[in-house]
Each structure stands twice: as C-alpha cells, then as structure tokens.
2 protein chains.
Amino acid sequence: MVATTGQLEAVPEPKYWHLRTVLLRTIDAEFSTGQVLPNERELSARFGVARATLRQALDQLELEGRLVRRRGIGTLIAAPRVGVPVSRREEGWPGTARSQAWRTVDCTSAPAGPQLGQSLGIPDTEIVHTVRRVRMVQGQNVAGESLHVPSSALPHLPGFRAENDRARSVLRHLERLEVDGESRSVELGVAEAQEAALLERPPGTPVLVVTSQYAAGGRLVALAVSTYRADTCKLTFGETGLVEVTPVAGGAVVATAS
Amino acid sequence: MVATTGQLEAVPEPKYWHLRTVLLRTIDAEFSTGQVLPNERELSARFGVARATLRQALDQLELEGRLVRRRGIGTLIAAPRVGVPVSRREEGWPGTARSQAWRTVDCTSAPAGPQLGQSLGIPDTEIVHTVRRVRMVQGQNVAGESLHVPSSALPHLPGFRAENDRARSVLRHLERLEVDGESRSVELGVAEAQEAALLERPPGTPVLVVTSQYAAGGRLVALAVSTYRADTCKLTFGETGLVEVTPVAGGAVVATAS
DNA sequence: CAGTGGTCTAGACCACTCT
DNA sequence: GAGTGGTCTAGACCACTGG
C-alpha cells in the first residue's frame, strides 16, 4: 500500500509533505537516536528540491519530536519523548517529598494588574508573589513555570526578606495549605524570550502550556502557568500509567485505504 | 533582572520574530475576532520585508491560535480557543449520558499487529475492534479518535454484523464495563492524511495527541488515541474548572523591563 | 578555518473562493 | 476573472560550532 513515490502522479500532495513521509520512513528504518543526518544542502540536492522545501519537511519532523537541529552541528535523530507527570499532586505542588524536580529561579512581589487580577479573582492592586521555577528531567530543562500566589492567601508570610528567602518562604507556606480542588488545562503555545531562555531554546519554540488552578477553602490560592518543551515532552496525567510503554504512532495504527 | 530589550541593538532578534510581536500587539489592540487582515503581499510591502518573512511571522501566530488563514479568503483573527473537557469520565468514555459530543465514523475489526499488540498487551494475532469517532464542539470538528478494544475484553459481543451495528455494539458493551483505572498522556503531533480529513484540515496540521488507557479487572480494556486541533482547542482536565475565565497570556504575565 | 543550520530575498506558479 | 493564501525555487548572507 501507499505505492507512492510515483514520480508521475495525479495526487497533488505537496512535495514537502511527501518528502516528510519518505524521510520518516527512512529514519524509522535506518537511523537510530543521536545519529546525524546528511546536511541540508546535500539532502536537498539528493531529493532534487530546493533547500527551503527540504527544510519545510524537516520542520514538520522537528515539530513531531523526531528530529533535533543544532546550529553548527547538524540534524540529529531525536530521542523518544520523555513522559513527564503533571497531574500527580507530588509533582505539581511545591515541596512535597522528592519534588526536587523543580529548581527555583527567582521570586518577585508586585501588584496583580488587570490580567492576573482577573485570573486570580482579586483586586488589581493586591500584591501577588510570583515564583519562577525550572523543571529538570534527566539533566535537561524541560519546563519553566510562573507560580502566582495572592498575598491574601498567605496571611502568615513574614515580612520582607532577601529574594531567595522569600521564594523559599512562599513555597513553604503554600505546602501547608490544604488544597481541596485543582483544575488544569493544556494548550499549544510558543515560548517568548523569557521562557525560551529558561528552556535554553530560541524564541518561538513550541511549548505545551499547562495552566493549573489550586483552590483552598473555596478560593483560588495559586495559579501556575507552566510551559513544557513540546519537542521533548509527553505530559502524563492520572494514575501512575498502567502500561509503561506506549509507542503511539502519530495516528493511523490501522493501515487502511491508500 | 533581565534588563533585555535594549532598543539599540546588540540583540540580533530575527525580523520575523520582531514582526510577530508587532503584529500581535496590533491585533490585540485594533482587531477583533473574525476580522480580516490586509493580504500578505500588502502586509509584506508595508513592513518592508519579503513575503516569505512575513509568512514566517504569521505562521507563529497561527500556531498560537491567534490567526486563521483560509486559502482564497484571507487571514482572519481567530476566536479564543474553546475549552474541551477530556478528563471527566463523562466525556472520554463512550455513551454515558449526553456524550453526543462524539459521532461514530466507522468501525473495523482486525488482528492487532505488532504495534497495537504491544500497546494493548495482547498477542499480535488477537482481533481488535477499532471505532473511529469525531468530536464536535459548537458545530465544528475538533477531534478525531481511534478507540481500540481487544476482542478478549468484550467476550459477550455478538457475532458479525453490519459495520454500523458493530460500532454501536462495541460502544455499548464498553459502557457496561467497570473501569477501575485510567491514565492519559498529551503530546504534540501533526495530523496525517486520515486524521486531517476528519478534522477538515490539511495534512501537517498541528494536533494535541491524547492517549488514554482504560483498565478493568486489572487488565487494559481500551486504548484511545485522540487528536485534537491544536489551533482551536484548549484541553481541560480535572474538576469542572473553578474559575471559568482564564485569559492566560502566552507566558509573561508580569511585565518586566521594557 | 570550514561546515552546519538559521534567516532573508525576489520572484514564479498553483489551488482555491467569490462574484 | 480577480484576489487570496500555499508551494517552490535559486541564491545570498549570517550565527554558531568544531578542530
């Protein structure tokens, strides 16, 4: 099936898409993680297309997490995506045992402003503590996060301190709260300068944006906006995954009509 | 800190990225949902860049779900993403009350094959029923799904029937199972021909791939691979969202240095 | 330094939608 | 047919990496 590669054909399939398919088959069959592909100029020549067209195909494969391109180095086969737990309380919530997955970057305190104020359901003028953190998995930065906490949610927070101490203090007080509700959403986004820097990637990098709301005592006590590298991460939710392995082909597992 | 954004250089920010920022500010300030932008040739002229460069900026904004481009029509401001519940049992699992969100497309039965066999933990040769469905929200196709069920999980399924009946039958028997475990993952992907068709989008469309495993009696009874349009969908998990509204800026809510 | 991917250009033609 | 976005080309230069 899919007896494509027909040079003379009626199917107006774009060249770059066809190219992607061919490349995908090739790397699945003949390449393994970490191996480098021939350079773009050679590949484009080999396939008889302009370099821009070849790049369009590589763009797709990179978006799918199959390739990694490094300036000055080359294009490599990417490692399979790492499963990153985001739902379990132990991972998303500060502290809680071995949650050393998160490393605090900095902490600021400022009035909420209109946007954050509305999202948190507080006056625009109320002070909000914002802790920025980075999440590491297997020695690699995979996510950045801004954790916003209204000051009214932490009434016992001690006065001003050095930034390091304040971050610690906010997180510590947060752990002690009894959370009785949480809600999450996931959507596609691109990393702006700040997040991109945390993720050690260029601006425009596609990310999975996870927005988490935590409630305690019937009110919102924290809002976390986490951005996960879409190329390397597979977010996992719920119980601890029944079956560990789940290859998951892009889509069609059942090969039908061609 | 991070006193970046020095106007007078040192930072060779790519043109297309700067353009994206400018366009984003403009549409936030002066355009509203459904409005059409000037055409690409005019925009590129107005900004003094090549059309390809302008398109690179539009590509980004489209990936972020801010723009929709329609061939022959123009580039329009996209509506805000719709929140789509995926975690709640009522939505993901067949039947269950008003789950008319899903419309069955077809149903096939075939041996699992190596990939599916491994994912389901069954022999490659065991028959697997696959129901393909489409999910609609507000009159629009937002997701396609392949629901795989090992035949051994439905021992009481009647013999062969017409396709329509078989799909109904599989779903009905599935509802009756007592699910005692489920697990989900989300990752970025692109729609291949088949899914793309279901979503009424061209191949290569970015999608959020949700993989759900359902267990009953300690064994895997169903594996669902759902592909949601990444441009229009925001997946929601957990309890019924505490606060309905969550504007969620791309990332930086705290506006720093300028 | 040579080699890689990243950006940008100016132009061409195609496929689609509407009138 | 006129106007739109989608694809493709051929070439240039830049930014980064490594020896």
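Values in this document were obtained by computation on a predicted structure and should not be read as measured data. First the proteins, then the strands, lettered A, B, ... as listed; each starts at 1.
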Quick one: do B:Thr236 and B:Val86 satisfy side chain to side chain contact (heavy atoms under 4.5 Å, CB included)? Show the steps, please.
-> CA-CA 6 Å; B:Thr236 64; B:Val86 290; 5.9 Å; no
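Between B:Leu54 and A:Arg70, the residue whose closest nucleotide on DNA chain C is further toward the 5' end is A:Arg70. Comparing A:Lys15 and B:Leu37 against DNA chain D, the residue whose closest nucleotide sits nearer the 5' end is B:Leu37.
The backbone N or O of A:Ser32 sits less than 3.5 Å from a side-chain atom of A:Gln35, completing a donor-acceptor pair. A donor-acceptor pair is defined here as one N or O able to donate and one able to accept, closer than 3.5 Å; such a pair exists between the side chain of B:Ser44 and the backbone of B:Glu40.
When DNA chain C is scanned 5' to 3' for any atom under 4.0 Å from a heavy atom of chain A, the first and last hits are C:dG3 to C:dT7.
A salt bridge links A:Arg20 to B:Glu192: at least one charged side-chain nitrogen sits closer than 4.0 Å to a carboxylate oxygen. Here A:Arg81 does not pair with A:Asp231 in a salt bridge; the nearest charged N to carboxylate O distance is not below 4.0 Å. Taking 4.0 Å as the cut-off between side-chain N and carboxylate O, A:Arg66 and A:Asp28 count as a salt-bridged pair. A salt bridge between A:Glu145 and A:Arg135 is absent, with no side-chain N of the basic residue lying under 4.0 Å from a carboxylate O of the acidic one.
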Might you list the N or O atoms of the protein lying below 3.5 Å from N or O atoms in nucleotides 15-17 of chain D, with each pair's distance?
| residue | atom | partner | partner atom | Å |
| --- | --- | --- | --- | --- |
| D:dA15 | O4' | A:Arg71 | NH1 | 2.8 |

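Across A:Val209, A:Leu235, A:Val207, a single residue satisfies side chain to side chain contact (heavy atoms under 4.5 Å, CB included) together with A:Tyr228, and that is A:Leu235.
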